[in-house]
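Values below: all heavy atoms of this structure, side chains included; hydrogens, waters and symmetry mates excluded. Numbered from 1 within each chain, the chains take letters A, B, ... in sequence-line order.
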There are 2 protein chains.
Amino acid sequence: METDPRWDMMNAACPTRQVLDRIADKWTMLVISALEDGTLRFSELRRQIDGITQKMLTQTLRALERDGMVDRQVWPTVPVTVRYTLTPLGHSLADAVSVIRGWAYENMDAIAAARGSYEPGTGAPPTPMATPAD
Amino acid sequence: METDPRWDMMNAACPTRQVLDRIADKWTMLVISALEDGTLRFSELRRQIDGITQKMLTQTLRALERDGMVDRQVWPTVPVTVRYTLTPLGHSLADAVSVIRGWAYENMDAIAAARGSYEPGTGAPPTPMATPAD
DNA sequence: CAGTATCCGCAAGGATACTG
DNA sequence: CAGTATCCTTGCGGATACTG
């Protein structure tokens, strides 16, 4: 009943699909991963995540804040200080993302190898001549 | 030495980052998930994945094929029959993706709740007045 | 420092028509 | 059926300038 593995992510209206769409962008997983080890300030995040712009970092952080993934703390210091921390919910997502990260690390050379030996002509089947019978 | 959890995904040039960029698009995870249970034909995939267009399905499948995730088999039947199957590498990715899917299913209501109770004004810290000492 | 505001290019991606 | 080819729109995301 619970955690039915194929609930309905294929349905565009399903909440799980919405969630997937949210994290399947260019920066979300990286921000989550960066915050996995602890609290970071805005500029620290920007330095750590290579290639991200202020706009995208702000945008991603706001979205994660709205969804209850990160907590934003503001200190009224002279130049203002803002610290971002993962919420428990955010940490649970970080765990899931780390699985993806681990997979990427484990298999990156296998992928690189597959890209090298890619032959578009080899689309013909080896032996299967029995028609699938439509 | 191996699987250093923070290898260098933050570096744009790192292979793991490339891999992440590849799977962090709108359709890859869904195609992988759809093929998790077994072989499917092109039109079956299109029907299962709500909202995907022929162009995007073809594009995603080609990319996955190049990276050694899916295997493409063509039968020279009268109307041609094409079947897509996950490779072992693809299956390992499917496992990682299913973790994300499981997380989405488990926490979708928590996210929905967070979205409801989002107050942009509550950016002030509860008590922490001790300056982080710049 | 930590943003906001604005402009803008470019590519992701949708719609449609056509083919082997 | 399983695509390819083409056109066209959307908006992601980068660059830059400015603010409290």
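With rounding to whole Å, B:Arg46 atom CZ is found 15 Å from C:dG13 atom C1'. Rounded to a whole Å, the CG atom of B:Leu57 is 13 Å from the P atom of C:dG13. Across the protein-nucleic acid pair, B:Ile52 atom CD1 and D:dA2 atom P stand 14 Å apart, rounded to whole Å. Look at CD on A:Gln73: it is 15 Å from C1' on C:dA2, rounded to the nearest Å. Distance CG (A:Asp25) to C1' (D:dG13): 11 Å, rounded to an integer number of Å. Here the C1' atom of nucleotide D:dT4 and the CD atom of B:Gln59 are 12 Å apart, to the nearest Å. For the pair A:Arg83 CZ and C:dA2 C1', the computed distance is 15 Å after rounding to whole Å. We find that NZ of A:Lys55 is positioned 10 Å from C1' of C:dA5, with the value rounded to whole Å.
Side chains of B:Ser92 and B:Asp95: a donor-acceptor N/O pair is absent below 3.5 angstrom, by distance only.
The side chain of A:Arg41 lies closest to C:dC1, out of D:dA2, C:dG3, C:dC1. Set against D:dG13, C:dG3, D:dG20, the side chain of A:Arg72 has C:dG3 as its closest nucleotide. Checking D:dA2, D:dG13, C:dA2 against the side-chain heavy atoms of A:Ser43 singles out C:dA2 as nearest.
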Next item on the list: Start with the C-alpha distance between A:Arg22 and A:Leu20, add both sets of side-chain angles, then the distance that settles side-chain contact (heavy atoms from CB on, under 4.5 Å), and finish with yes or no.
Entry: CA-CA 5 Å; A:Arg22 161 115 353 204; A:Leu20 181 66; over 6 Å; no

Check: Stepwise, does the salt bridge (Lys or Arg N to Asp or Glu O under 4.0 Å) test hold for B:Glu65 with A:Arg115?
Finding: CA-CA 9 Å; B:Glu65 198 189 350; A:Arg115 272 183 211 177; over 6 Å; no

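Between A:Thr53 and B:Arg62, the residue anchored nearer the 5' end of DNA chain D, judged by the nucleotide with its closest heavy atom, is B:Arg62. For the pair B:Tyr84 and A:Trp27, both in contact range of DNA chain D, the more 5′-proximal nearest nucleotide belongs to B:Tyr84.
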Note to self: Both atom distances under 3.5 Å, Watson-Crick or G-U wobble: I'd like the secondary structure of DNA chain D as a dot-bracket string, with | for pairs made across strands.
What the structure shows: ||||||||||||||||||||

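Hydrophobic clustering (ILVMFWY, side-chain heavy atoms < 4.5 Å, transitive): B:Ile23 and A:Met108 are in one cluster.
With a 4.5 Å cut-off on side-chain heavy atoms, A:Arg72 and A:Leu61 do not count as touching.
Taking every heavy atom of both residues into account, A:Thr16 and B:Tyr105 meet most closely at CG2-CA, 3.7 Å.
In this structure, B:Gln18 contributes its side chain and B:Ala12 its backbone to a donor-acceptor pair below 3.5 Å.
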